[in-house]
Structures are given as C-alpha cells and as structure tokens.
Amino acid sequence: MPGGRLTHDERRTIAQGLADGLTYSEIARRLQRPVSTVTREVTRNGGPAGYQADRAHDATAARARRGRTTRPPRPAPADERDPATIRTLEERFTSMLVDTGLARTPARVLAALYLTDSGTLTAAELVQRLQVSPASISMAVAQLEQQQLIRRDRDPRRRRDRYAIDGDIWYQSWLESARRSARLADVAHDGAQALGSTTPAGARLKNMGRHLRQLSDDMIRAVEKRRETPLEDE
C-alpha cells in the first residue's frame, strides 16, 4: 500500500466516496490505503457529513506549516471536549438507561445520539463509534424505534438512513408506554369477564386491569399537562 500523505486527488476520491454512500473500507480499497488512514482523514476534517476535499487539503497543508515553526504549545480552547470526560459521561448515561430496562447496546446507541451535537448518526457511524457489529446496531435501532425513542430519517445526499432524536421523543415514548398499559388493562378486563370476577383469578385480573387503566389515564394527563406548560428555558 502506498505511504505518505494523501494527495489532493485522493481526498477528492474520499469526498466522492462519502457522497456515494461508500463505507470507509470501500473507499480505502479504492485508494489502496489502510482503513485507518481514511478514518482519521475524515474524522479530523469535518466528519462524513462535512468532509470537503479542498478544505481538508488546505487544512493539512496549514498544519504542516505550523509544525515546521517553533512555537510554545497553545492551551486547548475552553470549549474543547476532553475525550476521557465524554467517555465517562457516555458510560454513566448508558448505565442509567440500562437501569430503566433497555438492553446495553440500545442504551449505548441512545446515549451516543444524545451526546452528539447533531443528535443524528447513520448506522455506519454508530458501528464505528461503538465498535460493535452492523447486526448489533440493526437490532438496537429496531428496538429503539419500536419504543419510539428514536426516529429514522432518510439522508438524500448519501442515500442512507440516519437515526435521530428530538425534543418530542420522550413524550412519544411516554405516550406509547401509556398505550401499552391501556392495552394490557383491556386484556386483563376481558380475562376477568371470561373467568368470572368472583373467582380468585378473575378478581385478580379485574383488580390488575383497574390499576393499569388508572395508571394509563394518569400518564396521559401528565403528558398533556406538561406540554401545555413549557419549561422556562423553552
């Protein structure tokens, strides 16, 4: 494989590959470069959605010029995120979501989305970020979509699906939980009627259905009240 810095033409090939929806591995094969070279190049120059060949080439040249001058190291910008801090926060967020009942991989996906400025990632980006298999990501996003914790958007430029969160996600999830409780209440009510409400099993189901119905109604009222009373910073 060729070594040395990427050429301007190679960067144009990377940009075209991203626009065509190719994976980093596919782009690397076109260039006959290691996948790690392509990954680093894209990551340090705007990411998959923001990579531009000309800008990346100019930025690399500027970094090389700075490297040839003798300057004292500059402090990191105040708003630069420390990777160790982000990893710790991501792990805490994931553990909290697991405690709510999510499996670990769906919890990691949701945490990654919340800790990403855009609030949106493709399946390929999730695979790279979480270092898990595409099949694991597919199963995780399917579970999160089923619970209405994320939504699927189509990226027309790259012809790939993106998974996203927004401000209404938790409301929709809460409402879906209320609907499930209501459906379970209906099943319990039907079971009580079938068994007879005077039998021990029928009485148990009747009581269960009554409590679940009340819980569902309370959850829906709470959501409606919250949406009618925005928080002060909204």
Side-chain angles (χ1 to χ4, degrees), residues 1-67 76-77 79-83 86-87 90 105-106 108-146 148-169:
M1 291 185 180
R5 293 175 179 169
L6 291 166
T7 66
H8 203 166
D9 286 341
E10 286 178 316
R11 291 191 168 92
R12 290 195 182 102
T13 299
I14 291 174
Q16 186 60 53
L18 292 172
D20 292 341
L22 299 182
T23 65
Y24 292 147
S25 296
E26 291 167 332
I27 296 172
R29 281 196 294 272
R30 284 189 176 185
L31 297 175
Q32 293 187 313
R33 291 273 194 171
V35 177
S36 59
T37 298
V38 177
T39 301
R40 285 195 301 269
E41 169 69 14
V42 175
T43 301
R44 76 192 307 183
N45 290 292
Y51 185 84
Q52 295 181 19
D54 293 343
R55 188 170 64 184
H57 195 72
D58 291 343
T60 300
R63 284 193 293 267
R65 287 193 297 272
R66 288 196 299 269
D79 60 350
E80 184 174 324
R81 291 163 179 162
D82 175 47
I86 294 299
R87 285 194 298 271
E90 193 170 66
T105 301
R108 292 186 68 202
V109 169
L110 197 57
L113 287 170
Y114 266 98
L115 296 178
T116 303
D117 285 334
S118 65
T120 174
L121 293 166
T122 65
E125 289 166 345
L126 285 166
V127 166
Q128 180 187 357
R129 183 184 179 109
L130 304 183
Q131 294 296 295
V132 297
S133 69
S136 296
I137 293 297
S138 179
M139 294 176 61
V141 296
Q143 180 178 334
L144 293 171
E145 281 189 284
Q146 184 179 22
Q148 299 191 28
L149 290 171
I150 64 173
R151 71 171 190 272
R152 185 193 301 254
D153 294 335
R154 188 68 172 171
D155 184 344
R157 187 176 70 85
R158 300 185 62 200
R159 301 191 298 277
R160 286 191 174 186
D161 289 334
R162 300 190 70 86
Y163 301 97
I165 54 174
D166 59 31
D168 285 335
I169 287 294

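These numbers come from the heavy atoms of this one structure, side chains and all, not from hydrogens, waters or symmetry mates.
Sorted by first and then second residue, the side chain to side chain donor-acceptor pair (under 3.5 Å) pairs involving residues 134-145 (not counting sequence neighbours) are Ser133-Ser136, Glu145-Arg152. Within the structure, the ring pair (Phe, Tyr, Trp, His ring centres under 6.0 Å) test picks out the following pairs touching residues 6-47 (sequence neighbours left out): His8-His57.
Nearest heavy-atom pair across Pro106 and Leu144 is O-CD1, 3.5 Å. Pairing each heavy atom of Leu126 with each of Ala112, the nearest pair is CD2-CB, 4.3 Å. Here the closest heavy-atom approach between residue Val127 and residue Pro134 is recorded as CG2-CA, 3.7 Å. Scanning both residues, Pro48 and Val42, for their nearest heavy atoms gives N-CG1, 3.5 Å.
Every residue two or more places apart in sequence or in another chain that forms a salt bridge (Lys or Arg N to Asp or Glu O under 4.0 Å) with Arg129 is listed here: Glu90. Asp9 is linked by a salt bridge (Lys or Arg N to Asp or Glu O under 4.0 Å) to Arg12, counting only residues two or more places apart in sequence or in another chain. Scanning for salt bridge (Lys or Arg N to Asp or Glu O under 4.0 Å) contacts around Glu26 gives an empty result, with sequence neighbours left out. Every salt bridge (Lys or Arg N to Asp or Glu O under 4.0 Å) that Arg11 has, sequence neighbours left out, goes to Glu41.
The line from OG1 of Thr23 to CG of Leu18 is 10.0 Å long, rounded to the nearest 0.5 Å. Remark: Thr122 OG1 to Asp153 CG distance equals 12.5 Å, nearest 0.5 Å. Asp58 CG to Asn45 CG: the interatomic distance, rounded to the nearest 0.5 Å, is 10.5 Å. Taking OG of Ser36 as the reference point, atom CZ of Arg40 lies at 4.5 Å (rounded to 0.5 Å). Note that the OG1 atom of Thr60 and the CG atom of Leu6 stand 7.5 Å from one another [nearest 0.5 Å]. Taking CZ of Arg33 as the start and CD1 of Ile14 as the end, the distance is 8.5 Å to the nearest 0.5 Å.
Residues Arg162 and Thr120 have side chains that bring a donor and an acceptor to within less than 3.5 angstrom of each other.
Formation of a donor-acceptor pair under 3.5 Å by the Arg108 side chain with backbone atoms of Leu130 is found in this model. Using modelled atom types, one side-chain atom of Arg55 and one backbone atom of Gly50 make a donor-acceptor pair closer than 3.5 Å. Under the 3.5 Å distance criterion, the side-chain polar atoms of Thr116 are left unmatched by any main-chain donor or acceptor of Ser118.
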Go through the steps to decide whether Val109 and Leu121 satisfy the test side chain to side chain contact (heavy atoms under 4.5 Å, CB included), and finish with yes or no.
CA-CA 9 Å; Val109 169; Leu121 293 166; over 6 Å; no
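Gln128 is listed as a side-chain neighbour of Thr39, based on a closest heavy-atom distance under 4.5 Å.
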